[in-house]
Visitor: 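Could you have a look at this structure, given as structure tokens, before my questions?
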2 protein chains.
Amino acid sequence: MSDAATPDQGCRNLRWALALFDGLVHGGVRRVVLSPGSRSTPLVMAAQRQPLVELTPILDERSAAFFALGLAQASDRPVALVCTSGSALAHWFPAVIEASESGIPLILLSADRPPELRGWGANQTIDQTRLFGGFTREFHDPGPAEEGPAALKAMRALGLRAAIVSRGPRPGAVHLNLPFREPLVPGPACTAEPLGALGAPDAGSHDRPGARSSATDRLDVFDTPHWPQDLTPLLGGRGIICCGPMRPSDASAEAIFACADLLDAPVLADPLSGLRFRPAQGARITRYDSALRNRETAVALRPDWVVRFGATPVSKTLSGWIQGIPSILVDTGERWTDPNHDVIARITADPMAFCRLLQTRLDRDDSRAAQGAWIRRWADVEQSLDDLARAFLEQSPWCEGHLIADLLERLPEGDGLFCANSLPIRQLDTWSGQSEKPLRVFGHRGASGIDGQSSTLAGLNADRSEPTRGVTGLLGDLSFIHDLGGLLLMEKLDRPCIVLNNGGGRIFDLLPQRGLEGFEPLWRTPPRVQPDALARAFGLAHRSVEDAAGFAQAWAEAMDAETRGEPAGLIEVRLDAEQSLATHRAFWNGVRELSIIESE
Amino acid sequence: MSDAATPDQGCRNLRWALALFDGLVHGGVRRVVLSPGSRSTPLVMAAQRQPLVELTPILDERSAAFFALGLAQASDRPVALVCTSGSALAHWFPAVIEASESGIPLILLSADRPPELRGWGANQTIDQTRLFGGFTREFHDPGPAEEGPAALKAMRALGLRAAIVSRGPRPGAVHLNLPFREPLVPGPACTAEPLGALGAPDAGSHDRPGARSSATDRLDVFDTPHWPQDLTPLLGGRGIICCGPMRPSDASAEAIFACADLLDAPVLADPLSGLRFRPAQGARITRYDSALRNRETAVALRPDWVVRFGATPVSKTLSGWIQGIPSILVDTGERWTDPNHDVIARITADPMAFCRLLQTRLDRDDSRAAQGAWIRRWADVEQSLDDLARAFLEQSPWCEGHLIADLLERLPEGDGLFCANSLPIRQLDTWSGQSEKPLRVFGHRGASGIDGQSSTLAGLNADRSEPTRGVTGLLGDLSFIHDLGGLLLMEKLDRPCIVLNNGGGRIFDLLPQRGLEGFEPLWRTPPRVQPDALARAFGLAHRSVEDAAGFAQAWAEAMDAETRGEPAGLIEVRLDAEQSLATHRAFWNGVRELSIIESE
């Protein structure tokens, strides 16, 4: 068999691809990010014919995949990626890994050569099957396009299935590898329209198809047989609720705070927990990374148990401190996030489901009613650290701490902040505090790489479901340089991308590598190209700031850019890294020396 | 178990890594390309302590891997890559695929967390085992560092094995996943030196350890039992020798031409066959892609058999034309490159071994002695097309054809040319012709992607084993924009990077996609950022040319830059794409209408 033309092969390809997109659209896909190519032509033509679908072309597949990741996070919908055959799809891999580890729905549509050309040295042909190994939730290779209602129905079902599986119970990427025979473009006589309903569930029956299922949908996920009979006794004594990176619904967030109230436990909220910036009841604690550096405090607040929601928290101080304390891990998916190996019970449930069931199991009149003192101690510590941080910043040279406090103050209600890995997320953890003003904080703590951050930021800003909201970026200079392809996408940012320029990977300055031979070129690796030069090349506004007044002005100008129809551009924050390091150390020393808690 | 410190863990890590590098160096590794990270610290420190090893830091792992690919090609040695844990190594994947498909030796050294932290949600921890699936030749995960001579000997052996396996018989990447427990930096009391000879073969016994084994080494690869008894009759009648992308030694190249002489067959030499630009005997044919567009010629020259060396040729015209003709595939490795499904015999042998054995099997006095007419016909066609191309270019507006002829004329003897995929390699195929002047032509025809081309070019130029030679780049504008990270590496180019700027993916203008709705934004995708702006941002010289005089001047200036200690920089060739398309079509039409051969 050859790749030779048959009269209506192009039309068959298009109808096949259209059926697939019928299913994807029905499953909630509204956005398709494509990288150009020839073999993927039937997929692109099919997407063009779907009225509900918007296509975004991005040349570099790696950038495209991170963009899709951001878009999926912002829109709470699976986003489809399309690329041609060969090494193209391998560029998706870093984002696919993050999607898997962070639980973000993606649909990977890789065009391929037909089976008779695979493994025979044909042009742009590699073995694409299961290319992403265990990092996709499902893989399908449905073979070349076929005709007839049954074949098209199967493709439509595959599209629907891919969209739904990508969303849960453990969200991630689904990979469909799609071989097409030539010709790839249909002849002029070809008629091909979206099929609409073809024995599949009616789109009208969904409230908001494709939106991430709300916590309510997941009540049934709670697996009663796994409820350990002896869980209630474990929750005796003094405990804490530790919330790592997650994306709780409003109802889940409220249920967690209610549960904390019932258990008389403080809620330690990671910057990516979705709990720091929203109305809260009870003791919400955000200054633990600083507070627990104080030895007396660390000893006095040591709990008897931990209930954990979400992924592993950013704070290494926290993780080290809870080591050895029996933990109950509550998680909807299959993840078992327990690097300390302290989990003694694992509950497969949405936080809300768990909290509600807990209410039915715990007697509110047990001994804990007397223990309001426990969460008050925590609240006092939070207040002390809050006061300390404020006072400290007032008399310290301007650094990331000032910037972060200022930025969080300025962000409009409902807005988003995307914080890059390495140092920025740790500085946000240290300095953010908490507020009642709702903000969405995004970050990639699945694999915690410094990769794809600019492209993700562009994707987060590309969601138009809530057009008044934008997502500001907070990136380090190395993240910024690692993803140069993302600069091509920044012309559409509604909010500025803030680049903390401190001359390389300053996180290494906090690690034992500092001072090794070759430290500067081999670990810290200061970039050779500066943000202002890049901004010029890519046609982006660039504002360089070094202090509070400068930032205030740059922020105002950047936020005003949209009204002039311009992209918000870059705000480069030039930092004296040595001074910043000294300032952070001075703060932590201040915390260590503070008498913030009386031992019992 | 935890990742906690034991007193001498850092020292144990370093000794372990040193033993590995002892083996790698013994196996011929001289260059290590690293991307910064913390977990990989023992590997970097070990590489630093190897006097024969040179370290190159490159931030973006994707760019680093393509750079290594270029360096391995230019130096004929395996190149080691080092990165930290998490998604970092996934960025290597596109280059690993190309290494596998093109047969280029790489050693992938990924740092990892120790087993007790894998799968438990620890920071920057993913399942790195077998991450590249079937695209690596071997995968090993030797576990965390251990002490004692036996353990170190095992690691040294693993390094040696990785280096040797990466080189053949089927060259490609070998992946070693290396977990390290904390602390990663040894204490001040640690003594750790390269072990030198530890029960491993003496480096002195190798002539040039690590250089790609010469063809002579591979005589034993020839597998006599696979020699089909009936091969000789198959080679009756008129045949051609078709040489696709490969890297023959001088001896192999000579043997192929001698074999062709014996078989009375012309050698159709792909631009990447290593045979177009070197002294040759017999009928060397390079204009077939044009010539076979002439129907009479295609019919008159149709052979009875094909002997194929190397991978699938660039020319689609050639592949289509030989479809249906019985082919004998000669290949050293496991590849079975036969997209037409015409192979009737496959010989596992180096070209030289095959050709020499053939000489012992064929009787020189058989009927073919009368057939000198066959290769003369081919030689006449080559000459006619050569004359036609020259005459055509003389009276046509300046385009890629002129540039390529001019560039090949100007390249110093022994120099290299790296030609990007998509349109540039096809234009090189069309216009290069042949010459006796030795030139090395590089290109990535394994997966034939447009990815990583600038980084590869930088890697090709980073080999210093023959310091007077350099490698010029010939890239399309989309390739150039796809690999922005490569721009960070261009400050060290000895030869210019020529960017053919024709406003996007003009190969699509030759395909049926041209004219589709959304053709410009979804297929052709013209870049929004121009080479001159990028050159400014990255501190590279930029010269824009539009005609022969401009190119001559820019070339002279760029070649002169080295003497001033400056990088050669970019030469942007601004092309009128519509005019270029018309010129190419006019040439092929001219070929079609020409009476270049009399039918028999």
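Throughout, a chain's letter reflects where its sequence line sits, starting with A, and its residues are numbered from 1.
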Visitor: Using a cut-off of under 4.5 Å on heavy-atom pairs, state which of A:L534, A:V343, A:V185, A:T84 scores highest against chain B.
Guide: A:V185
Visitor: Strictly below 4.0 Å, N to O, side chains only: are B:D483 and A:R62 in salt-bridge contact?
Guide: no
Visitor: Between B:F538 and chain A, with a heavy-atom cut-off of 4.5 Å, which part of the residue counts as in contact: side chain, backbone, both or neither?
Guide: both
Visitor: Looking at chain A, which one of B:I450, B:T125, B:L131, B:I481 has the largest number of heavy-atom pairs inside 4.5 Å, strictly under?
Guide: B:L131
Visitor: By side chain to side chain contact (heavy atoms under 4.5 Å, CB included), which residues pair with A:P245, not counting sequence neighbours?
Guide: A:D270, A:L272, A:A311, A:R445
Visitor: Of all the heavy-atom pairs spanning B:H482 and A:E61, show the shortest one and how long it is.
Guide: NE2-OE1, 2.8 Å
Visitor: Grab the two heavy atoms, one from B:Q48 and one from A:E517, that are nearest each other, plus how far apart they are.
Guide: NE2-O, 2.8 Å
Visitor: Which bit of A:L89 comes within less than 4.5 Å of chain B, counting heavy atoms only: side chain, backbone, both or neither?
Guide: neither
Visitor: Output the distance between atom CG (A:L511) and atom CG (B:L184), rounded to the nearest 0.5 Å.
Guide: 9.0 Å
Visitor: Search all heavy atoms of B:R528 against all heavy atoms of A:L488 and return the closest pair with its distance.
Guide: NH2-O, 3.6 Å
Visitor: Sorted by first residue and then second, give each salt bridge (charged side-chain N to carboxylate O under 4.0 Å, His left out) pair with at least one member in residues 121-134 of chain B; sequence neighbours left out.
Guide: none
Visitor: Could you tell me whether the side chain of B:H341 reaches within less than 4.5 Å of the side chain of A:E116, counting heavy atoms only?
Guide: yes
Visitor: Below 4.5 Å from any heavy atom of chain A, which atoms of B:L516 appear? Answer side chain, backbone, both or neither.
Guide: side chain
Visitor: I'd like to verify something: which residue of B:G86, B:S63, B:A122, B:P94 has the highest number of heavy-atom pairs under 4.5 Å with chain A?
Guide: B:P94
Visitor: How far apart are the closest heavy atoms of A:S87 and B:D451, and which atoms are they?
Guide: OG-OD2, 2.7 Å
Visitor: With a 4.5 angstrom heavy-atom cut-off, which part of B:L522 approaches chain A: side chain, backbone, both or neither?
Guide: both
Visitor: Go through A:W120 and B:N340 one step at a time and tell me if the side chain to side chain contact (heavy atoms under 4.5 Å, CB included) criterion holds.
Guide: CA-CA 8 Å; A:W120 293 99; B:N340 286 344; over 6 Å; no
Visitor: Checking heavy atoms, do the side chain of A:S38, its backbone, both or neither come under 4.5 Å from chain B?
Guide: both
Visitor: With sequence neighbours excluded, what pairs up with A:F480 under the ring pair (Phe, Tyr, Trp, His ring centres under 6.0 Å) test?
Guide: none
Visitor: Sort B:F135 into side chain, backbone, both or neither according to what part of it lies under 4.5 angstrom from a heavy atom of chain A.
Guide: side chain
Visitor: Could you pull out the closest heavy-atom pair between B:I126 and A:A447, with the gap in Å?
Guide: CG2-CB, 3.9 Å
Visitor: Most heavy-atom pairs under 4.5 angstrom with chain B, which of A:A535, A:G37, A:S422, A:S35?
Guide: A:G37
Visitor: Please assess B:T312 against A:N123 for the test side chain to side chain contact (heavy atoms under 4.5 Å, CB included), listing each intermediate value before the final yes or no.
Guide: CA-CA 8 Å; B:T312 308; A:N123 190 34; over 6 Å; no
Visitor: Atom CZ of B:F93 and atom CZ of A:F132: how far apart are they, to the nearest 0.5 Å?
Guide: 7.5 Å
Visitor: Would a distance-only check, ignoring hydrogens and angles, find a side-chain to backbone donor-acceptor pair under 3.5 Å from B:Q124 to A:G449?
Guide: no
Visitor: So for A:Q530, is it side chain, backbone, both, or neither that comes closer than 4.5 Å to the heavy atoms of chain B?
Guide: neither
Visitor: Do any of residues 95-102 of chain A have a heavy atom less than 4.5 Å from a heavy atom of chain B, and if so, which, in residue order?
Guide: A:I97, A:E101
Visitor: For the residue pair A:T41 / B:W523, report whether a side-chain donor-acceptor contact shorter than 3.5 Å exists.
Guide: yes
Visitor: Taking every heavy-atom pair that is under 4.5 Å apart, which of A:R536, A:R524, A:M45 has the most such pairs with chain B?
Guide: A:M45
Visitor: Picking from B:P57, B:G119, B:G446, B:G121, which has the most non-hydrogen pairs under 4.5 angstrom with chain A?
Guide: B:G121
Visitor: Measure across B:P36 and A:T525 and return the closest heavy-atom pair with its distance rounded to 0.1 Å.
Guide: CG-OG1, 3.6 Å
